[in-house]
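The structure displayed is predicted, hence computed values, not measured ones. No hydrogens, no waters, no symmetry mates; every other heavy atom, side chains included, goes into these values. Quick note on labels: first sequence line is chain A, next is B, and so on, each numbered from 1.
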Protein chains: 2
Amino acid sequence: VESALKVSNRDRILERISASEDDLYIMGQAPDGPPDVEALAFAPNPLVVMAPRDHPLVGEKSIPLARIAAEPFILREPGSGIRDATLRLFEQHRIRPRVSMELGSNEAIKHAIVGDLGLSVLSLHTLTLEGPDGPVAILDVEGFPIMRQWHLVYPKGKELSPVAQAFLEFALKVSPGMYERMGRLWPDLAQHFAATYETAPAERRKKALPSSPGC
Amino acid sequence: VESALKVSNRDRILERISASEDDLYIMGQAPDGPPDVEALAFAPNPLVVMAPRDHPLVGEKSIPLARIAAEPFILREPGSGIRDATLRLFEQHRIRPRVSMELGSNEAIKHAIVGDLGLSVLSLHTLTLEGPDGPVAILDVEGFPIMRQWHLVYPKGKELSPVAQAFLEFALKVSPGMYERMGRLWPDLAQHFAATYETAPAERRKKALPSSPGC
């Protein structure tokens, strides 16, 4: 096996970073407290409200958040960064979603949405394989997308293995193309991607990039 | 919250059953050893070989397993029932897959397939949202599909909560329709679904169904 990828929620990943268990982490948002890490943004990670394709709100413009709170709502499990970001937005507006279910994976949530069990908030990336015309639709809701960025994360000062180093360099090289491609796939959201890209300028990212072993 | 669903791999679920942590489990195949459980089949769960849509083997008939072993192959993590069933089939034919990657979720594996990182074996259900014409294609490989069935599982003798009881009765009621619908979606595989359905006859399933509390 040349490489292994574990998919976990945010809390679990923070535990693994603290225990220094892996070479490199991909996180949906940079950690904002300890453990002390280097975090390099490399792709947009917008969270959007999703509904079944035939839902009456599909196609409506600037839907108020309170309207979403009137629908049954599906949440990720405790420990999920998507769950935390979603609940934070509702709290800021002093609105409480009507949570009908907690599901432990994005895939299960998409199936529940299509099965008419409720709306949910997930990363736009979960729709990549179905594309913009699949069975799950995006709603235009006030306050959304919640703009986050995918980050490459590793413990501060850690010497990266050659494989991790190569992966990191590759990700940063293709990064501009990822912002561009996301913008082409979802033109309604492109303005948001461009804005976040500027907050992660090449200079800062270059500076944070560790030198290769032996240089 | 009315209900919560946790998605875990087979080993983790067997641990949770032993610890009697939940009301009811949905498993991709019935446990074949301890812990002692009731297990009711309710839907077909075929494992199939997946490839990117533009792979040269797409459309070929009765591809030998040895041909698959020549391609880079992506496996689920240790503890996964899909991984175990896949490796068992290769072992039976004394063929070793060329494992290039281990990924901890079906969704990650589908993305890796589309990204041309290798072939893999997954449950046909992972293609439900994209349908038969999505970016992931099914290969016609000798020995496949590996026919398994989704089971509702609970510890033997356990008194089910009313919600779990209702869910179980509902699943068994819609079960015949699930075999039929899978057969319509994937006509090439329909014969396999019909065969397994007969191994789970209504009589046995009825007998195993616990009586409602108070009856």
Side-chain angles (χ1 to χ4, degrees), chain A residues 1-9 12-13 16 22 26 50 52-53 72-80 83 87 96-115 117-118 120 122-123 125-131 133-137 163 167 170 174 178, chain B residues 1-9 12-13 16 22 26 50 52-53 72-80 83 87 96-115 117-118 120 122-123 125-131 133-137 163 167 170 174 178:
Chain A
V1 179
E2 291 161 16
S3 65
L5 174 80
K6 231 182 118 54
V7 179
S8 296
N9 68 28
R12 183 87 358 137
I13 287 180
R16 291 183 73 103
D22 315 276
I26 301 172
M50 298 187 185
R53 177 66 54 195
F73 195 83
I74 307 164
L75 264 188
R76 280 283 304 270
E77 78 286 1
S80 148
R83 175 196 175 101
L87 290 179
R96 199 185 286 258
R98 191 149 71 78
V99 179
S100 61
M101 262 189 178
E102 271 179 19
L103 298 182
S105 88
N106 296 335
E107 191 65 10
I109 289 182
K110 287 198 302 176
H111 281 270
I113 291 169
V114 172
L117 296 174
S120 190
L122 290 177
S123 166
H125 286 273
T126 64
L127 298 185
T128 309
L129 293 183
E130 298 100 310
D133 305 313
V136 176
V163 172
F167 181 80
F170 171 76
V174 299
M178 296 191 70
Chain B
V1 180
E2 290 162 17
S3 64
L5 174 81
K6 230 181 122 52
V7 178
S8 296
N9 69 26
R12 184 90 356 139
I13 287 181
R16 292 183 72 103
D22 316 275
I26 300 173
M50 298 187 185
R53 176 65 55 195
F73 195 84
I74 308 163
L75 265 187
R76 281 281 306 270
E77 78 286 1
S80 149
R83 174 195 175 100
L87 289 180
R96 201 185 284 259
R98 193 150 71 80
V99 178
S100 61
M101 261 191 179
E102 271 178 21
L103 299 181
S105 87
N106 296 336
E107 191 67 9
I109 289 183
K110 287 198 301 176
H111 281 270
I113 292 169
V114 172
L117 296 175
S120 190
L122 291 177
S123 166
H125 286 273
T126 64
L127 298 184
T128 309
L129 293 183
E130 298 99 310
D133 304 314
V136 177
V163 171
F167 182 80
F170 171 77
V174 300
M178 295 191 70

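- Within the 4.5 angstrom heavy-atom criterion, only side-chain atoms of A/Glu107, from C-beta onward, approach chain B.
- The two residues A/His111 and B/His125 make their nearest non-hydrogen contact at CE1-O, 4.2 Å.
- The side-chain contact (heavy atoms from CB on, under 4.5 Å) test with A/Leu129 is passed by exactly one of B/Val114, B/Leu129, B/Ile113: B/Val114.
- Proximity to chain B is limited to the backbone of A/Thr126, based on heavy atoms less than 4.5 angstrom apart.
- Counting non-hydrogen atoms of neighbouring residues, nucleotides and ligands closer than 6.0 angstrom, the CZ atom of B/Arg53 exceeds 12 such neighbours.
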